[in-house]
Amino acid sequence: MKITKREKNGVTILEVEGKVTIGKGDVVLREAVLQAIGEGPAKLLINLGEVTTIDSSGVGELVSAYTTVTNRGGKLKLVNMPPKVSDILQITQLITVFEVFETEDEAVQSF
Amino acid sequence: MKITKREKNGVTILEVEGKVTIGKGDVVLREAVLQAIGEGPAKLLINLGEVTTIDSSGVGELVSAYTTVTNRGGKLKLVNMPPKVSDILQITQLITVFEVFETEDEAVQSF
Amino acid sequence: MTSTAGRELHLTIGSRFENIELVQAVVDDALREGGATEDARHWIGLALREAVANAIKHGNLQDPEKQVEIQANFAPEEVEIRIDDEGAGFDPQGVVDPLAPENLFRASGRGIFYMRKFMDEVEFESGPSGGTRLRLRKRLVPVTNATNER
Amino acid sequence: MTSTAGRELHLTIGSRFENIELVQAVVDDALREGGATEDARHWIGLALREAVANAIKHGNLQDPEKQVEIQANFAPEEVEIRIDDEGAGFDPQGVVDPLAPENLFRASGRGIFYMRKFMDEVEFESGPSGGTRLRLRKRLVPVTNATNER
Ligand SMILES: Nc1ncnc2c1ncn2[C@@H]1O[C@H](COP(=O)(O)OP(=O)(O)O)[C@@H](O)[C@H]1O
Ligand SMILES: Nc1ncnc2c1ncn2[C@@H]1O[C@H](COP(=O)(O)OP(=O)(O)O)[C@@H](O)[C@H]1O
């Protein structure tokens, strides 16, 4: 599991690669999100394009990241979701909670 | 396991790919050799470059091919042997039985 | 298709999350060699991950000395996987609904729900040593022209 | 390196050569997850293939109803694999030397010889049901300072 951080027009983009699963990937994601958002309201975009597996712990981290960012007056959005990841969020009715985009440009412009 | 047959300056070349192992690869190799050599004395070159695994049955087929071809007055040589395949033939002292070449050109010219 | 009939696989691991990788890899090999579809393998693998994660986390409380046992049986058109832990057991009736509005934003509580979605049957019982025994079952659709040669 | 300590793997297969792929894949997963070197995995995998091939061919005479059982135990620095078949057993003393000049051109008879080269210990015993029980053992060098592994 690997996360790369980039900036684009004031939006922080986290590119997530590999397994977002219990014991490792979930923790790495949590730390990357906390480090990326700092204290104030954040504009955070998570690119899930290279995620191979996500389990309920990984989903839990996405939800936590969403509530943390939102509670601080920021915005968290998702982009580039592989079909199997999208299925996972659909099943637990989270797909409607997140704003999800197909391309990074669309997503960045929406903030 | 896959075998491709080619001709070069009167030498029949069998390119072997994958697993030369009991139950499948060994049988496929045997049939390819018998089909390639026909009745008379043959010039047969086996290219082992893409062999991933060989077991004692695969080794046995190489030895059988060697004796069959030699008994009919033909020649069987080997080329492009991966280090792990070469180790296997070394351990059972077969490496000295076969004429082994590094490149196909050298091998073809030697017939 | 290679028949999976009569195949059994039994695996014992210490209670470390990293061992989930091994369990999934091994069961996935067996499913692939048996000609299961990519999709079936994916969802069974996810259910299995959730089950083993729960056994490690809630059952054995991550004590690496405590073991999780995985027993998989491959019938021609069904796979059954049994997961045993050495925990105190629990009552699955007490598990809350992750789709209830008050739970939607919780960081946990979706594992069993996912298992039920991915598998045909999910049964909890009390295991022989008092821990939880979980059975996962899924019917498999044979892939008629699967080439599982490498 | 992930520790393999305490891991056990048990596999039952019908006597078909194609099942050798599964056995090798599964044990290879366990070795890889345990941090064994590429080389160690390769040679152990080959020895295991020879052992299971013999159990299927000479032990169970390729009767698909007869089973081969594989039990692998992963200690931190050693792997032990036990292979049981349902055959009539045999006397390993009677096995001929494949390096003897009169045997060099034989098409068979190299399997046990290879096993002995690839593993540290190869032991044949009579199994509980009268078949052959074969034990393969190999010490593992942790990946960090492995130099001349075979
Ligand atoms: N093997 C187990 N042993 C004990 N309790 C368990 C076990 N599996 C699940 N549970 C209980 O069921 C609850 C719900 O599990 P689950 O739906 O997987 O969500 P989560 O693991 O995120 O809490 C757990 O919080 C735990 O209390
Ligand atoms: N599991 C077994 N059950 C019965 N006989 C066996 C078994 N394993 C090996 N043998 C005997 O030992 C001989 C040598 O085996 P091996 O060295 O593997 O060569 P090969 O299998 O090519 O004959 C076999 O031919 C067989 O007679």
Side-chain angles (χ1 to χ4, degrees), chain B residues 1-2 17-34 37 46 48 50-72 74-76 78 81-100, chain D residues 13-25 28 37-60 62 64 68 95-119 122 148-150:
Chain B
M1 206 269 205
K2 211 182 101 187
E17 236 183 287
K19 293 182 175 176
V20 191
T21 51
I22 196 164
K24 185 95 188 272
D26 58 350
V27 180
V28 174
L29 176 60
R30 184 186 322 156
E31 284 165 1
V33 168
L34 292 178
I37 62 179
I46 303 186
L48 299 169
E50 299 300 320
V51 169
T52 54
T53 314
I54 188 164
D55 66 3
S56 66
S57 294
V59 170
E61 286 309 328
L62 284 182
V63 173
S64 292
Y66 178 83
T67 52
T68 306
V69 172
T70 309
N71 287 341
R72 296 187 190 174
K75 286 211 161 127
L76 184 152
L78 305 178
M81 194 135 47
K84 289 223 159 66
V85 176
S86 162
D87 286 350
I88 293 279
L89 292 184
Q90 202 113 40
I91 288 167
T92 43
Q93 297 182 4
L94 290 166
I95 203 88
T96 52
V97 165
F98 293 101
E99 260 189 276
V100 182
Chain D
I13 57 163
S15 297
R16 290 194 190 84
F17 290 131
E18 68 222 37
N19 284 335
I20 296 174
E21 302 307 325
L22 172 62
V23 178
Q24 193 196 350
D28 194 58
T37 61
E38 280 265 342
D39 267 15
R41 285 164 47 202
H42 181 79
W43 301 118
I44 293 169
L46 282 182
L48 179 61
R49 294 185 75 98
E50 299 290 347
V52 177
N54 279 355
I56 292 173
K57 186 176 181 177
H58 304 301
N60 292 348
Q62 292 188 63
V68 179
V95 170
V96 300
D97 176 9
L99 302 191
E102 69 273 22
N103 296 329
L104 206 59
F105 289 92
R106 286 179 51 172
S108 64
R110 295 178 184 86
I112 295 172
F113 187 84
Y114 278 129
M115 287 184 228
R116 295 200 194 276
K117 289 288 173 184
F118 301 154
M119 303 298 285
V122 175
N148 52 356
E149 273 270 302
R150 146 121 343 149

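Chain A is the first sequence line, chain B the second, and so forth, proteins listed ahead of strands; every chain is numbered from 1. Bear in mind the structure is a predicted one, so any value in this text is a computation, not a measurement.
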**Asked** For the candidates D:A107, D:G111, D:G109, which exhibits the highest count of non-hydrogen atom pairs separated by less than 4.5 Å from chain B?
**Response** D:A107
**Most contacts with chain B, counted as non-hydrogen pairs under 4.5 angstrom, among D:K57, D:R106, D:H42** = D:H42
**Prompt:** Quick check: does any side chain N or O of B:N71 sit under 3.5 Å from a backbone N or O of B:T67, one acting as donor and the other as acceptor?
**Reply:** yes
**Prompt:** Which bit of D:I20 comes within less than 4.5 Å of chain B, counting heavy atoms only: side chain, backbone, both or neither?
**Reply:** side chain
**Message:** Please classify the contact of B:T92 with chain D as side chain, backbone, both or neither, using a heavy-atom distance under 4.5 Å.
**Reply:** both
**Message:** Please classify the contact of D:F105 with chain B as side chain, backbone, both or neither, using a heavy-atom distance under 4.5 Å.
**Reply:** both
**Request:** Examine whether an atom of B:L62 lies under 4.5 Å from a heavy atom of chain D, and if so say whether it belongs to the side chain, the backbone or both; otherwise answer neither.
**Result:** neither
**Message:** Is there a side-chain contact between D:R110 and B:V63 in this structure, where contact means two heavy atoms from C-beta onward sitting under 4.5 Å apart?
**Reply:** yes
**Request:** Sort B:I22 into side chain, backbone, both or neither according to what part of it lies under 4.5 angstrom from a heavy atom of chain D.
**Result:** both
**Message:** Ignoring hydrogens, what is the shortest heavy-atom contact between D:R49 and B:T53? Give both atom names and the distance.
**Reply:** CD-CG2, 4.3 Å
**Request:** Could you look at D:L46 and say if it's the side chain, the backbone, both or neither that has a heavy atom under 4.5 Å from chain B?
**Result:** side chain
**Message:** Tell me whether D:Y114 contacts the main-chain N or O of B:I88 through its side chain, where contact means a donor paired with an acceptor under 3.5 Å.
**Reply:** yes
**Prompt:** Taking all atoms of both residues into account, what is the closest heavy-atom pair of B:S57 and B:D26, and its distance?
**Reply:** CB-OD2, 3.6 Å
